[in-house]
2 protein chains.
Amino acid sequence: MPQAAARPTLEAVAERAGVSRATVSRVVNGDAGVREALAVKVRRAVRELGYVPNRAARSLVTRRHDAVAVVIAEPETRVFADPFFARQLRGISKELTARDVQLVLLLTEGRDDHERVGRYLAGGHVDGALVFSLHLDDPLPGIIHGAGLPTVFGGRPGWTGGVRYVDCDNRGGARQAVRHLTALGRTRVAHITGPLDQTSAVDRLDGYRDVVPEGDPRLVADGDFTPAGGERAMRALLDRCPDVDAVFAANDLSAAGALRVLRESGRRVPQDVAVVGFDDMLPLAEQADPPLTTVRQDIEEMGRLMAAMLLRDQAQGPGQGQPQPDAPDAGGGEAASEEAAHVVLPTELVRRESA
Amino acid sequence: MPQAAARPTLEAVAERAGVSRATVSRVVNGDAGVREALAVKVRRAVRELGYVPNRAARSLVTRRHDAVAVVIAEPETRVFADPFFARQLRGISKELTARDVQLVLLLTEGRDDHERVGRYLAGGHVDGALVFSLHLDDPLPGIIHGAGLPTVFGGRPGWTGGVRYVDCDNRGGARQAVRHLTALGRTRVAHITGPLDQTSAVDRLDGYRDVVPEGDPRLVADGDFTPAGGERAMRALLDRCPDVDAVFAANDLSAAGALRVLRESGRRVPQDVAVVGFDDMLPLAEQADPPLTTVRQDIEEMGRLMAAMLLRDQAQGPGQGQPQPDAPDAGGGEAASEEAAHVVLPTELVRRESA
DNA sequence: ATGAAAGCGCTAACAT
DNA sequence: ATGTTAGCGCTTTCAT
């Protein structure tokens, strides 16, 4: 029965400092109302003994866990073709670390996992959840929302009401991209969409239409955020409208596919056809030929804000059970406030050589 | 004082099933020695009440946590330019999920975080750690190893003895790459290295030398796993040895840089200079011009094996405190066994158009 | 095979 | 301001 190095307990610290457990607890938790003289003694004892509070024991009584779950609902596609996800995690991690909150990562592989994740979250092992789900028909967000756990979504979910989320300004970013192309004098600006069961793709399409409301419908081709989809769409575009002189691709991956097809077809980029992507996915965007002009979003900041938003009301006490009342800001505005029920981060056009 | 939906306790289940807490506990934990008739009643009560065990209470007495930490020690560079990391996490997640073990993610930002992570790990909040660190001089692995927590490293650490790790066969993969080039009839095969403070880069260089032991030293140029480094190295190579007819780049990112320089210099790939990368980093490798021949490693499997290796002895009981005695296999062999103190996974050459 | 009871280490009333 | 005390929900001897 290996005795695992017998960690010192509060009791041990109390004895060494010559005070009661309660006093040690107060000092350790930074509660006011302990004479400095005693506090000093306690802190010394803590240091000498290498005392570390037992989280399990603490959770048992406080009913808090100082842990939040990060649920990523789509390992199969984009998430793993893209450092996007890693950046967001980094932002989240920074914020959580700063508040001494643990990050429990939940990756779901498919429908089977939904139940498991739902059970875990409803099981009261974490104080909140940060959820990424890209598809409108994904039941997981609903399950989680229903679990009565404070939750913040990454990316606008496909439904409204009582939901908190952080997103980038997909629509505004799309407008930036398309305006850039029209400012270049391009008159036949096409759009390669993303999969339209994702709000980001829908929003980018909407942004495109904002700028080209009278647009030729044949200039819009379906993509799916993959290079192969971008190739297909670009071929269709070239076929239908040989006079196309600009393309706004819904992401950099499909832009890469489009570039390849344009090159094959003998078009020069940007001279014959200008191309703008979205995401500023590195190293792809930089290494593309020619380097891709694209719309950048501050992914890490999105993660940070998600965590901050979730933790904002964490202090109030253990698992509230109810999401916050909705208090949307203007919606799609560029200002970001942690007071809002959703935050939409601005995007930035990064000019390289493709447009 | 929001009462957080008062989860049912063991007590509640016991009462409903008309048995004692102890019996419910046995059933829930699958302990043998409960009459089936009773067990059935208990299970029904559990279901009806939606009982979920309180992990904190359980940990408090068992001193186990059913949680492991995943420590990623280098958010700044490669980890976040590369889905590598995400794939590995996925492998880990799958294995942990299957055993109902939680994944606590620890991302470290720099030296400041080392202490924090060390404290956390030594603090006894998790049953083990899976650690990624790329630099030989990183003190973190040592700290963690010293914390007396069962640990498995991702990638061979820069020191030997009593360490368990999972790695891919960097050296063998490099040999595959270079042999492929020589089999193509190339006689002036250059190598763009990675940063040589990482074992993966050193091993790949060694593999190159295995095949070209008599090699012209001017054919080896320092890179750093980045596209910019690859460009610099390729320029140096072209400068020193204009007759170079093949390049093995230590990773795909630097290969991409090399491709760009070759193109600029008017060389055709693969006709004039053949290029092989390492990693099969998608989408980069596929989208390169021309698509990159490269060495693939099964990243997800590496993650899975790390978790499996860690959990193998987890069953024995709470935090052993001592790492396992070393039981290395042949070292660098291609067979992978979960019995070994380290596992080295095979690599695979993926032929595309660059060589 | 089952139950009774003793804690695991901590926080939070309550008492002083 | 500090100490005393009563659990938090669970597992685990130890009786039966």
Side-chain angles (χ1 to χ4, degrees), chain A residues 1 3-43 45-46 49-66 100 123-125 127 315 317-319, chain B residues 1 3-43 45-46 49-66 123-125 127 317-319:
Chain A
M1 218 54 53
Q3 192 38 40
R7 329 203 138 284
T9 67
L10 253 202
E11 181 92 46
V13 176
E15 188 177 356
R16 175 154 197 136
V19 300
S20 72
R21 295 206 307 275
T23 298
V24 178
S25 177
R26 287 175 187 122
V27 173
V28 168
N29 293 299
D31 292 16
V34 175
R35 253 185 315 146
E36 187 55 21
L38 270 196
V40 167
K41 278 160 76 172
V42 169
R43 279 192 284 265
V46 165
L49 262 32
Y51 170 73
V52 178
N54 180 321
R55 284 187 176 233
R58 181 182 281 169
S59 288
L60 191 53
V61 35
T62 61
R63 292 150 178 293
R64 276 193 358 232
H65 300 87
D66 296 319
D100 199 30
H125 307 302
D127 303 322
Chain B
M1 216 56 52
Q3 194 36 42
R7 326 203 139 286
T9 67
L10 254 200
E11 179 92 48
V13 176
E15 187 177 359
R16 175 152 196 140
V19 299
S20 72
R21 296 206 304 275
T23 298
V24 177
S25 176
R26 288 175 187 123
V27 172
V28 167
N29 292 300
D31 292 16
V34 175
R35 251 186 316 149
E36 187 54 22
L38 270 197
V40 166
K41 276 161 78 172
V42 170
R43 279 192 283 267
V46 165
L49 260 33
Y51 170 74
V52 177
N54 181 322
R55 284 186 176 234
R58 179 180 283 170
S59 288
L60 190 53
V61 35
T62 61
R63 292 148 180 290
R64 275 195 357 233
H65 300 86
D66 295 318
H125 307 303
D127 303 322

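Note that the structure is a prediction, hence the values are computed from the model and not measured. Letters go in sequence order (proteins before strands), and every chain restarts at 1.
- Contact annotation: the side chain of A:Arg58 approaches that of A:Asn29 to within less than 4.5 Å [non-hydrogen atoms, C-beta and beyond].
- Toward the 5' end of DNA chain C, the nearer of the two residues B:Ala57 and B:Arg35, judged by each one's closest nucleotide, is B:Arg35.
- The heavy-atom pair separating A:Leu49 from A:Pro8 by the smallest distance is O-CG, 3.3 Å.
- The shortest side-chain heavy-atom distance between B:Arg7 and B:Asn54 does not fall under the 4.5 Å cut-off.
- Across the protein-nucleic acid pair, B:Asn54 atom CG and C:dG9 atom C1' stand 14 Å apart, rounded to whole Å.
- Bending across the helix from C:dA1-D:dT16 to C:dT16-D:dA1, expressed as the angle between its end axes from five pairs apiece, amounts to 30° (10° rounding).
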**OP:** I would like to know whether B:Arg26 and B:Val42 meet side chain to side chain contact (heavy atoms under 4.5 Å, CB included); could you show each step before the answer?
**Re:** CA-CA 10 Å; B:Arg26 288 175 187 123; B:Val42 170; over 6 Å; no

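- To the nearest 0.5 angstrom, B:Glu11 atom CD is 11.0 Å from B:Tyr51 atom OH.
- Straight-line distance from the NE2 atom of B:His125 to the P atom of C:dC10: 10 Å, rounded to whole Å.
- Atoms CZ (A:Arg58) and P (C:dC8) sit 19 Å apart, rounded to a whole Å.
- Against DNA chain D, the stretch residues 20-34 of chain A makes heavy-atom approaches under 4.0 Å through A:Ser20, A:Arg21, A:Ala22, A:Thr23, A:Arg26, A:Gly33, A:Val34.
- Here the C1' atom of nucleotide C:dC10 and the CZ atom of A:Arg7 are 15 Å apart, to the nearest Å.
- Atom pair A:Asp66:CG and C:dC10:P shows a separation of 14 Å (rounding to whole Å applied).
- For the pair B:Val13/B:Thr9, no side-chain contact is recorded, criterion being any heavy-atom separation below 4.5 Å from C-beta on.
- With rounding to the nearest 0.5 Å, the separation of CG in A:Asp66 from CZ in A:Arg55 is 5.5 Å.
- The nearest pair of heavy atoms linking B:Val27 to B:Ala39 is CG2-CA, 4.0 Å.
- Extent of DNA chain D lying under 4.0 Å from chain B heavy atoms, first and last nucleotide in 5' to 3' order, is D:dG9 to D:dT13.
- For the pair B:Leu60 CG and C:dG7 P, the interatomic distance rounds to 14 Å; values are reported in whole Å.
- A distance of 10.5 Å separates CZ in A:Arg43 from CG in A:Leu38, rounded to the nearest 0.5 Å.
- Atom NZ of B:Lys41 is separated from atom P of C:dA1 by 17 Å (rounded to the nearest Å).
- Taking CZ from B:Arg63 and CG from B:Asp127, the interatomic distance works out to 12.5 Å, rounded to the nearest 0.5 Å.
- Looking at heavy atoms from C-beta onward, B:Val19 lies out of side-chain contact with B:Lys41 at the 4.5 angstrom threshold.
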